[in-house]
Amino acid sequence: MKQLPFPVRVAAGLAVTTAERVRGLPKQLTELPVTVASQVLQASMRVQQHVTELAIKGDDALSSLRPAEEAPSWATFDEDLEEPPSTPEPNGHRAATAFDDPWVAEERALAEEHTEGEFDSPGAPSAGPAGVTDYDSLTLPQLRARLRRYTLAQLEELLAYERDHANRPSFTGMLTRRIGNVRAEQAEGGSEDTTER
């Protein structure tokens with residue numbers, strides 16, 4: 001059999017390809033929105049990635065021009081905040097301010113409004129470490145309300161007792177922080193004394 005001319009064969013191949021594409025068109029039309037959406041998302045992600053890379057390079061360039069902060073301004077802790085000066089009210093209680101720490105307010109309320117041992121467990125009081133009556137039965141808020149009354153030696157004795165007996169993490173953590181604050185206050189007081197002389 002004699003072969004058909006090349007242009008005829010190309011035209012026949014084109015007709016078959018067109019027919020196949022027409023048959024597959026409904027399927028492609030249903031997939032079209034998904035394909036377009038995924039291509040748009042890929043393009044936007046590439047743009048975002050390039051913008052982020054530019055911002056990182058810009059940060060690197062600018063950081064060499066200015067010194068870095070030692071601690072970011074947003075990284076503050078309760079111990080870092082100074083208490084605002086108190087304004088006494090006529091009845092002798094300090095007025096609450098917007099800067100009051102809830103823990104400080106709770107300590108103040110428990111210390112001012114309740115007598116020593118008011119919330120202690122009933123029964124015969126027993127002497128505890130550092131002269132604290134019924135230490136083992138105190139709750140965390142009760143101990144917190146009394147912390148400012150104790151000396152550094154008493155606080156260290158309480159911490160040693162707590163670690164040797166119940167070793168409650170919340171109690172040891174609170175006592176450790178208070179000891180650190182007292183030591184820092186004493187160090188600041190000592191450094192001020194030496195600078196004044």
Side-chain angles (χ1 to χ4, degrees), residues 55-56 59-60 62-197:
I56 291 171
D59 286 345
D60 290 343
L62 293 174
S63 67
S64 64
L65 300 176
R66 61 185 170 102
E69 290 183 54
E70 242 179 68
S73 59
W74 51 264
T76 58
F77 299 95
D78 291 344
E79 290 81 16
D80 297 338
L81 300 175
E82 293 182 19
E83 286 190 38
S86 62
T87 54
E89 289 183 353
N91 62 4
H93 289 77
R94 194 181 74 77
T97 65
F99 301 105
D100 277 349
D101 179 10
W103 292 111
V104 173
E106 181 184 359
E107 288 175 17
R108 192 177 305 110
L110 286 172
E112 290 176 359
E113 297 175 10
H114 304 292
T115 59
E116 179 79 26
E118 180 182 347
F119 293 114
D120 290 352
S121 300
S126 62
V132 179
T133 306
D134 283 334
Y135 171 80
D136 292 321
S137 64
L138 291 178
T139 64
L140 192 67
Q142 290 170 341
L143 180 60
R144 184 182 301 118
R146 300 173 184 181
L147 276 184
R148 294 190 188 270
R149 300 180 197 164
Y150 302 135
T151 64
L152 180 60
Q154 288 174 313
L155 290 167
E156 289 172 341
E157 185 179 339
L158 287 173
L159 179 60
Y161 179 85
E162 180 64 39
R163 284 184 175 154
D164 290 341
H165 292 83
N167 201 19
R168 297 167 286 190
S170 55
F171 280 71
T172 57
M174 182 176 65
L175 288 166
T176 302
R177 285 189 298 276
R178 180 64 186 150
I179 289 170
N181 289 342
V182 170
R183 286 182 178 156
E185 289 168 7
Q186 288 178 352
E188 288 174 8
S191 65
E192 288 173 6
D193 290 323
T194 57
T195 55
E196 289 177 354
R197 290 180 189 169

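The model shown is predicted, which means the values in this text are computed figures rather than measured ones.
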> With a 3.5 Å cut-off and no angle check, do the side chains of E157 and Y150 form a donor-acceptor pair?
Replying inline: no
> Is there a side-chain contact between R178 and N181, using heavy atoms and a 4.5 Å cut-off?
Replying inline: yes
>> Counting C-beta onward and ignoring hydrogens, is there a side-chain heavy-atom pair between E162 and L158 closer than 4.5 Å?
In response: no
>> Within the 4.5 Å heavy-atom criterion, are L175 and L147 side-chain neighbours or not?
In response: yes
> Does some side-chain heavy atom of R168 sit less than 4.5 Å from a side-chain heavy atom of M174?
Replying inline: no
>> Could you measure the distance from the OH atom of Y135 to the CZ atom of F171? Nearest 0.5 Å is fine.
In response: 6.0 Å
> N167: what forms a side-chain contact (heavy atoms from CB on, under 4.5 Å) with it, not counting sequence neighbours?
Replying inline: R163, T172
